[in-house]
Amino acid sequence: VNTSDPRVARGAAILGGALVSVAAVLELVQIARPYGFPFLGWAIATLVGMFLLARGLNGLRQELGARVVAGLLAVGILVVIVVPFGFVVFLGAFQRRVDLLTGPHVLPPSPTTAAFDQLMRIPYFDAGLRNSLLVSTTAAIVTTLLGLLGAYAIARLRFPGRSAAYTAVMVAYMLPGVAILVPLVAIFKGLGLIDTLPGMAIGHIALTVPLVTWILIGTFETVEPELEHAARIDGASRIQALRRVVLPITVPSVVTAAVFGFVLSWNDLLVSKVLYVGSTPMLAPAIVNLMDPINRIEPQLSMAGLIASVPVLTVALLMQRYLIRGLGEGAVK
Amino acid sequence: MTTAVTSARAMGNRLSRLSIRRESEAYAALFLVPTAVLFVGLVGYPVLYSILLTVSARGTAPGQLGRFVGLQNWLRLGTDPIFAQAVGQTLMYVIPAAVFGVVIGMGVALILNERFPGRSLIRASLLIPWALPPVVVAAMFQWFLDSRRGLLGHWLVNAGLVEQSPVFLGGVPGTLYMLTAIHLWKTVPLLALMFLVALQYLPNETMQAARIDGANRWRRFRYVVLPFLRTTIVAAVIIQVLITVQLFDLIFALTGGGPGRYSTYNVYFYTFKTTFEQTDFGYGAVLAYVVTAFVVILALVLTRGRARSILS
């Protein structure tokens, strides 16, 4: 296709766009209610259409085609991310149990919140939800306070053993959970902390401290030392300088670190499971219990998943800008 | 302003030469106490205690060491067929997860790096798989992939791709690869975000120059973008390997290590089973050391650069 002629370019773009959209509509109808449109037809029409669209638009304005194609592909990315969650967890949670017998439904035929009431009547789920809310919130707050002090010391103060402390944080952050759980359980048994709420909270603090400290070291590294020096000259103590000068300008990063701690704790299965013997259930192991291959009830599981997703998705949404940057710079786990 | 900063710096330097050092050490001690207590309890003591575990016979409960057995637990590694199988399967998880994860992650980042309306919405949606609890992801795909009640199989049949809904979770080694695919769904957005952040630092002038020189899209990618992303690619591979070696929740929640005999075990899962279900703390500690050694060495490689820049 020679797209240097604007008329040819416009024609190619319109033809390509029409091919892509018609094929998409046909394929969507086909997936909802099969009538014999071949999958291969959709695939070929989409590829050819995208090519024509890109070439045509690029001929009209530089880079325009690439942008439009990127936008279309991005819709594909969004579909892959949102469809499993939206259709299975969100819509699935409002299905009736009997509707499972009539095959998979995209939309719940008769939406109901029965699964919620049933779930709340399962003692370990109800208790697990309460415990997780309490433990993860506590862990996030305490961990951030401890992490603030530790990270500030490692990033800002000169003392012997500083580099050893830095390495210790890093190794602790990377240390696989299974490696330390047996001794941890032994210590907890000795202290009578096993399967208690305070014990669970301490376990989760231990789980989150390395990550949060690690993130905060990075944060404090970016603060100009001059700011603090100026405050110190004006007579502020170290703690005042930290509270009045360093913290105010690092609030977003500190809150982000706390959110990372909360998500890590909320999503944890291993520690919660190992520290649980029968009286202090947490949410993640409770959901695994519901996944029993014989007795599981899918809408109930989806409702449980929806409930478990609300806190983490809410903080992710509220803090998206900072989380994207934090994750992009390599804060994982 | 500049003079104020300069004089502040000068005074700061003088201060630091006089008394700040000693004072700094006192504060360091104060600030580090709570963390240090946790670290000794969390890292120091457990690591040392685990050494004792590795030379002890199967104990009766956590906290009670069995009798001394020397290196017997360590030697078991060489003759244990399940360990060998778990090592092989760990590679079956790690290699596709790293290769596809990095390639798809980079592709997603390149797409989302273009300017189009709604871009920030789609970038934000990348946080969904990351934020979701792994057990919720497991439960979600358990239903989505169910051959009778699941939507995916239903859709594939309707689209005319398959005759009847495939059994996604149940074959050997198909189940392992399905778990890897689910793991990719959860981790690719994270890798994409890493590449997206790196792409922000791509010098615009270089791209413009390449464009003016007539380099087409592929050549600009091959000779400008790809070399620029090299360090990010290495970091992304290492991070994905680190995450995948420690893949546990999905296996635990979705297959429990099956189907068949240990067909979805990785070394991490085998360690968990040995330690907490067979309560063989000695051999479990040996397995944990194997995982730990691998993870820590890889992590040190990853962070060596960063550690050096911070400590200097």
Side-chain angles (χ1 to χ4, degrees), chain A residues 31 34 38-39 67 70-71 73-74 77-78 81 84 87-89 100 104 146 149-150 152-153 157-159 163 168 170-172 174 176 178-180 182-183 185-186 189 206 209 221 226 229-230 233 238 263 267 269 284 287-288 291 298 301 305 308-309 312-313 316 320 323-324 327-328 332, chain B residues 5 8-9 11-12 24-25 27-28 31-32 34-35 38-39 42-43 46 49 62-63 108 111 114-116 122 124-125 127-128 131-133 135-136 139-140 143-144 149 151 154-155 158-161 190 193-194 196-197 239 246 249 253 271-272 275 281 288 291-292 295-296 299 303 310-311:
Chain A
I31 284 174
F39 183 82
R67 265 181 222 167
L73 292 174
I77 295 170
L78 190 66
I81 291 174
F87 284 104
V88 181
V89 178
L100 291 173
L146 294 180
L149 297 178
Y152 183 78
L157 306 176
R158 312 282 138 188
F159 60 93
S163 85
M170 204 211 67
V171 170
M174 299 293 176
V178 285
I180 52 164
V182 169
V185 169
K189 277 220 166 116
V209 154
E221 280 297 320
E226 278 78 20
H229 283 310
I233 287 159
R238 269 282 176 198
V263 172
N267 289 356
L269 173 66
I287 291 179
V288 177
M291 287 175 71
E298 279 89 352
L301 253 171
S309 317
V312 277
L313 289 185
Q320 46 169 300
L323 289 177
I324 285 175
L327 286 170
V332 281
Chain B
V5 170
R9 189 182 290 149
M11 283 184 79
S24 179
E25 284 174 14
Y27 273 114
F31 284 3
L32 278 170
T35 319
L38 261 175
F39 274 85
L42 171 75
V43 187
Y49 187 89
V108 168
I111 290 170
E114 295 288 337
R115 269 175 299 160
F116 54 83
I122 293 174
S125 77
L127 288 172
I128 296 175
L132 284 182
V135 291
V136 172
M140 176 172 96
W143 190 6
F144 194 50
R149 298 171 170 182
L151 278 171
H154 180 66
W155 285 338
N158 280 1
L161 273 173
L190 179 86
L193 288 175
M194 287 183 61
L196 262 178
V197 168
I239 283 173
Q246 301 182 61
D249 303 29
T271 309
F272 171 83
T275 310
F281 302 119
V291 179
T292 307
V295 166
V296 169
T303 46
I310 284 183
L311 286 172

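Every chain is numbered from 1 and lettered A, B, ... according to where its sequence line falls, protein lines coming before strand lines. Since the structure is predicted, the reported quantities are computational estimates derived from the model, not experimental observations. Scope of the values below: all heavy atoms of this structure, side chains included, with no hydrogens, waters or symmetry mates.
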remark   = Per-residue tally against chain B (heavy atom, under 4.5 Å) across A:Ala74, A:Gly305, A:Ser309 peaks at A:Ala74
task = Can you tell which part of B:Val197 gets under 4.5 Å to a heavy atom of chain A, answering side chain, backbone, both or neither?
result = side chain
Structural part of B:Thr292 lying under 4.5 Å from a heavy atom of chain A = both
message = Measuring from atom CG of A:Leu323 to atom CG of B:Leu193, what distance do you get when rounded to the nearest 0.5 angstrom?
response = 9.5 Å
Closest heavy-atom pair and its distance - B:Ile128, A:Ile81 = CB-CG2, 4.2 Å
key: Proximity breakdown for A:Ile324 and chain B, heavy-atom pairs closer than 4.5 Å   = both
query = Using non-hydrogen atoms only, which part of B:Val108 is less than 4.5 Å away from chain A: side chain, backbone, both, or neither?
reply = both
task = Of all the heavy-atom pairs spanning A:Val288 and B:Ala253, show the shortest one and how long it is.
result = CG2-CB, 4.1 Å
ask   = Of the listed residues (B:Ala139, B:Ala159, B:Gly160), which shares the most heavy-atom pairs with chain A below a 4.5 Å separation?
value = B:Ala159
remark   = Pair count under 4.5 Å, heavy atoms only, with chain A: among B:Leu132, B:Thr271, B:Leu196, B:Val295, highest is B:Leu132
ask   = What closest approach, in Å, do A:Met174 and B:Gln246 show between heavy atoms, and which atom pair accounts for it?
value = O-NE2, 4.0 Å
ask   = What part of A:Val209 is in contact with chain B, defined as an atom under 4.5 angstrom from a non-hydrogen atom: side chain, backbone, both or neither?
value = side chain
query = How far apart are the C-alpha atoms of A:Leu146 and B:Leu38, what are their side-chain angles, what is the distance that settles it, and do they pass the side chain to side chain contact (heavy atoms under 4.5 Å, CB included) test?
reply = CA-CA 10 Å; A:Leu146 294 180; B:Leu38 261 175; 3.7 Å; yes
inquiry  = If I take atom CD1 from residue B:Ile122 and atom CG from residue A:Leu73, how far apart are they, to the nearest 0.5 angstrom?
reply    = 10.0 Å
query = Pick from A:Ala308, A:Ala70, A:Pro38: which one has the most heavy-atom pairs with chain B under 4.5 Å?
reply = A:Ala70
inquiry  = Please give me the minimum heavy-atom distance between B:Trp155 and A:Ile31, naming the atom from each residue.
reply    = CD1-CG2, 3.2 Å
Portion of B:Leu151 that has a non-hydrogen atom of chain A nearer than 4.5 angstrom = both
ask   = About how many Å separate CG of B:Asp249 and CG of A:Asn267, when rounded to the nearest 0.5 Å?
value = 8.5 Å
message = Could you measure the distance from the CZ atom of A:Arg67 to the CD atom of B:Glu114? Nearest 0.5 Å is fine.
response = 7.0 Å
note = chain A shares the most heavy-atom pairs under 4.5 Å, among B:Val296, B:Leu161, B:Val291, with B:Leu161
request  = Give the minimum heavy-atom separation between A:Ile180 and B:Pro46, together with the two atoms involved.
outcome  = CG2-CB, 3.7 Å
remark   = For B:Pro133 and A:Val312 the tightest heavy-atom approach is CD-CG2, 3.9 Å
message = Under a 4.5 Å cutoff for heavy-atom pairs, which residue among A:Val171, A:Leu269, A:Val89 has the most contacts with chain B?
response = A:Leu269
message = Need one label for B:Phe272: side chain, backbone, both or neither, based on atoms under 4.5 Å from any heavy atom in chain A.
response = both
